[in-house]
Amino acid sequence: MIQSIRQYKNNDELINDLENNKKLVFVNAEAKDIFKDYLKHYGYFAFVKQYSNPLMYQDNNYKIFKKEFTSNNLRYLFDIDRNNSIVIFKYFRSVEFLLNSSILKVIAREINKKAKCPYLAALSLEDFENIFPNL
């Protein structure tokens, strides 16, 4: 019977596996320590597996890294992706805020035209139905 559950490996075992079996190059001890911190904070899947690409490997079947590909390259890819995601998310939030503000301004304008009261919460049911007949 084939086991579908993988055995737990701590960060040192994961690094040893990447270094010895997958041939990922760690330039020095500092690079290993930084890589270990990334594994601790983000996890193996989010940090290593998610950014794996066939261009990184000399053998795609066994996922063995090219000689010139180092742990620093993997970290840089991860950092670039996270920074880009943060910037994109920031601008999406700004667009969403501006869109919501514009919609609320249009609704407020309609309320002010059709009701005696400028506040949605203070409208009577009759005024509300007059302003928004399709609701």
Indicate the atoms forming the closest heavy-atom contact of [X] with [Y], along with that distance.
X: K32; Y: I15; result: O-CD1, 3.8 Å
X: E68; Y: N73; result: O-OD1, 3.6 Å
X: Y8; Y: E13; result: O-OE1, 4.0 Å
X: K36; Y: D12; result: NZ-OD1, 2.6 Å
X: K66; Y: Q58; result: CG-N, 3.7 Å

Roughly how far, to the nearest 0.5 Å, is the [atom2] atom of [Y] from the [atom1] atom of [X]?
X: N53; Y: N60; atom1: CG; atom2: CG; result: 8.5 Å
X: Y76; Y: T70; atom1: OH; atom2: OG1; result: 7.5 Å
X: L24; Y: L18; atom1: CG; atom2: CG; result: 5.5 Å
X: L39; Y: I34; atom1: CG; atom2: CD1; result: 12.5 Å

Going by distance alone, is a donor N or O of one side chain under 3.5 Å from an acceptor N or O of the other, for N21 and D17? yes
Membership question, hydrophobic clusters at under 4.5 Å side-chain separation (ILVMFWY): are [Y] and [X] in the same one?
X: V25; Y: V48; value: no
X: L14; Y: F69; value: yes
X: Y42; Y: I80; value: no

Quick check against the 3.5 Å criterion: does K49 have a side-chain atom that pairs as donor or acceptor with the backbone of A46?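 Answer holds: no.
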Quick one: does K22's side chain have a donor or acceptor within less than 3.5 Å of a partner on Y62's backbone? yes
Could you go through F78 and L74, starting from their C-alpha distance and side-chain angles, then the distance that decides it, and tell me whether this counts as side-chain contact (heavy atoms from CB on, under 4.5 Å)? CA-CA 6 Å; F78 182 79; L74 193 57; over 6 Å; no
Geometric class of the F65/Y57 ring pair [parallel <30°, tilted 30-60°, perpendicular >60°]: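 Rings of Y57 and F65: tilted, 30 to 60°.
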Do the rings of F26 and F35 sit parallel, tilted or perpendicular, given the 30° and 60° boundaries?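 Aromatic pair F26/F35 classed perpendicular.
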Taking it one step at a time, do L77 and M56 satisfy side-chain contact (heavy atoms from CB on, under 4.5 Å)? CA-CA 11 Å; L77 283 173; M56 299 175 183; 3.4 Å; yes
